[in-house]
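The next block holds one structure in the form of C-alpha cells; read it before the comments.
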2 protein chains.
Amino acid sequence: MNQLDATFAALADPTRRAILARLIEGEASVMELAEPFAMSQPSISKHLKVLESAGLISRGRDAQRRPCRLEAKPLAEANDWLERYRKIWEGNFQRLDALLGAMQANKTAGDAEQ
Amino acid sequence: MNQLDATFAALADPTRRAILARLIEGEASVMELAEPFAMSQPSISKHLKVLESAGLISRGRDAQRRPCRLEAKPLAEANDWLERYRKIWEGNFQRLDALLGAMQANKTAGDAEQ
DNA sequence: GTATTATATAGCCAATTGGGTATATACCCT
DNA sequence: AGGGTATATACCCAATTGGCTATATAATAC
C-alpha cells in the first residue's frame with residue numbers, strides 16, 4: 001500500500017482519529033488510549049497497529065507499557081495532497097487558472113497523481 | 001457514516017484520488033474519467049458512486065453523459081482536521097504548548113475528536 | 001518461581017470493498 | 001421502431017475490516 005493510501009485509510013476511522021487527537025497531548029499507553037472507548041483492549045491494539053503501519057505513531061518501551069507517540073509527518077504529506085484543492089474550495093478561480101497553466105507547462109515531465 | 005469518515009475513506013483509494021485530480025481541470029464524463037485506467041467501466045462507476053456519496057463530486061446531465069464535477073468543500077473539512085497537527089509536523093513545539101494551553105482552558109466545554 | 005499487569009496474537013464472524021461480467025436503462029439519431 | 005452510445009445495476013467473488021473472546025507473551029513484583 002502507498003503511503004498516502006495508508007494515511008487516508010487510517011484517518012477514515014473515528015476511533016483512530018480520536019486516538020491521534022489524544023496523542024497531541026503527549027505519549028500514552030495502550031490502556032490510557034483505550035479508556036475513553038467502549039471497546040476491548042485487543043480492538044484498540046488493532047487500531048494502533050493500523051496507525052503504526054501507516055507511520056502515524058511509533059512505540060517505545062516503559063516496563064510493561066508500550067507508549068505510543070504521534071508521528072505527524074505522514075499527515076503533512078496528506079495535507080500537501082489536499083492543498084492542491086484549496087483554490088477550488090476557496091472559490092479562487094483566478095489562482096486556479098494559474099495552477100492549471102503551471103500543470104500544462106509541466107506536461108512534459110511525468111504527471112498523474114503522484 | 002460521518003462526513004470526515006466518508007471523505008478520508010474516499011481519499012484512501014489511488015484511483016479515486018486520480019479521478020479527483022483529473023477533475024481539477026474541469027468536468028468530465030465517466031468515459032473520459034475511465035480512459036486512463038485499466039479497469040472496467042462499472043468499476044469506475046462504483047468509484048464515482050463512492051465519491052458522490054462522500055460529497056466530493058456532483059453530477060449533471062448532458063445527453064447520455066453524466067458529467068462529474070469536483071465539490072471540494074469536504075476536502076476543506078479534512079484539511080481543517082489535519083491543521084491541528086501542523087504544529088507537530090513542523091516541529092514548532094512552542095506553538096504546540098500554546099495550543100495545549102488553549103485545549104486545557106476549553107476542557108469545560110465538550111471536546112473529544114470532532 | 002508465581003502472581004500481576006500490560007500488551008499482543010490467534011481465531012471467529014459479519015459486513016464492506018474493489019474488482020469482474022452480464023445486463024438493464026437512458027438518451028440520441030435515422 | 002431500431003441501433004448506437006453512455007451509464008447504471010445486479011450479481012459473483014476473494015480479500016479486507018472491525019469487532020469479539022480466549023490465550024499467549026513480556027516485564028515487573030513478591
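Convention: sequence-line order gives letters A, B, ...; per-chain numbering from 1.
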(request) For a side chain to side chain donor-acceptor pair (under 3.5 Å) with A:Ser58, tell me which candidate from A:Glu52, A:Arg69, A:Glu27 qualifies. (result) A:Arg69
(message) Contact list please: residues 50-65 of chain B against DNA chain C, heavy atoms, distance less than 4.0 Å, in numerical order.
(response) B:Arg61, B:Ala63, B:Gln64
(message) Please find the pair of heavy atoms, one from B:Pro14 and one from A:Asp5, that lie closest to each other, and give the distance.
(response) CD-OD2, 3.3 Å
(message) I need the minimum non-hydrogen distance between B:Ala12 and A:Ala9, along with the two atoms involved.
(response)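 Heavy-atom minimum between the residues: CB-N, 3.5 Å.
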(message) Taking 4.0 Å as the cut-off, does a side-chain nitrogen or oxygen of B:Ser40 come that near to OP1 or OP2 on C:dG20?
(response) yes
(message) Does C:dT9 have its OP1 or OP2 closer than 4.0 Å to a side-chain nitrogen or oxygen of A:Lys49?
(response) yes
(message) How bent is the helix from C:dG1-D:dC30 to C:dT30-D:dA1, measuring the angle between the end axes built from five pairs each, rounded to 10°?
(response)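 About 10°, once rounded to a multiple of 10°.
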To the nearest 0.5 Å, what is the distance between [atom1] ([X]) and [atom2] ([Y])?
X: A:Thr15; Y: A:Leu33; atom1: OG1; atom2: CG; answer: 11.5 Å
X: B:Leu75; Y: A:Arg84; atom1: CG; atom2: CZ; answer: 11.5 Å
X: B:Leu23; Y: B:Ile57; atom1: CG; atom2: CD1; answer: 6.5 Å

Measure the shortest side-chain to side-chain distance between [X] and [Y] over non-hydrogen atoms and say whether it is less than 4.5 angstrom.
X: B:Trp81; Y: A:Leu20; value: yes
X: B:Thr7; Y: A:Leu11; value: no
X: A:Ser45; Y: A:Lys49; value: no

(message) If you assign each of B:Val30 and A:Ser43 to its closest nucleotide in DNA chain D, which residue comes earlier from the 5' end?
(response) B:Val30
(request) Please figure out whether B:Ala28 or A:Met39 has its closest DNA chain D nucleotide nearer the 5' end. (result) B:Ala28
(message) Given A:Arg22, which partner from the list A:Glu35, A:Arg17, A:Glu32 fulfils the side chain to side chain contact (heavy atoms under 4.5 Å, CB included) test?
(response) A:Glu32
Given atom [atom1] of [X] and atom [atom2] of [N], what is their separation to the nearest angstrom?
X: A:Ile44; N: C:dA8; atom1: CD1; atom2: P; answer: 12 Å
X: B:Leu11; N: C:dG18; atom1: CG; atom2: P; answer: 12 Å
X: B:Asp5; N: C:dT17; atom1: CG; atom2: C1'; answer: 16 Å

(request) Could you give me the CA-CA distance, side-chain angles and deciding distance for A:Glu83 and B:Asn79, then say whether side-chain contact (heavy atoms from CB on, under 4.5 Å) is met? (result) CA-CA 8 Å; A:Glu83 284 299 329; B:Asn79 189 68; 3.8 Å; yes
(message) Can you give me the first and the last nucleotide of DNA chain D (5' to 3') that has an atom within less than 4.0 angstrom of a non-hydrogen atom in chain A?
(response) D:dG18 to D:dT28
(request) Quick one: label B:Lys46 by what it contacts on the DNA or RNA (base, sugar-phosphate, nothing), any heavy atom closer than 4.0 Å. (result) base
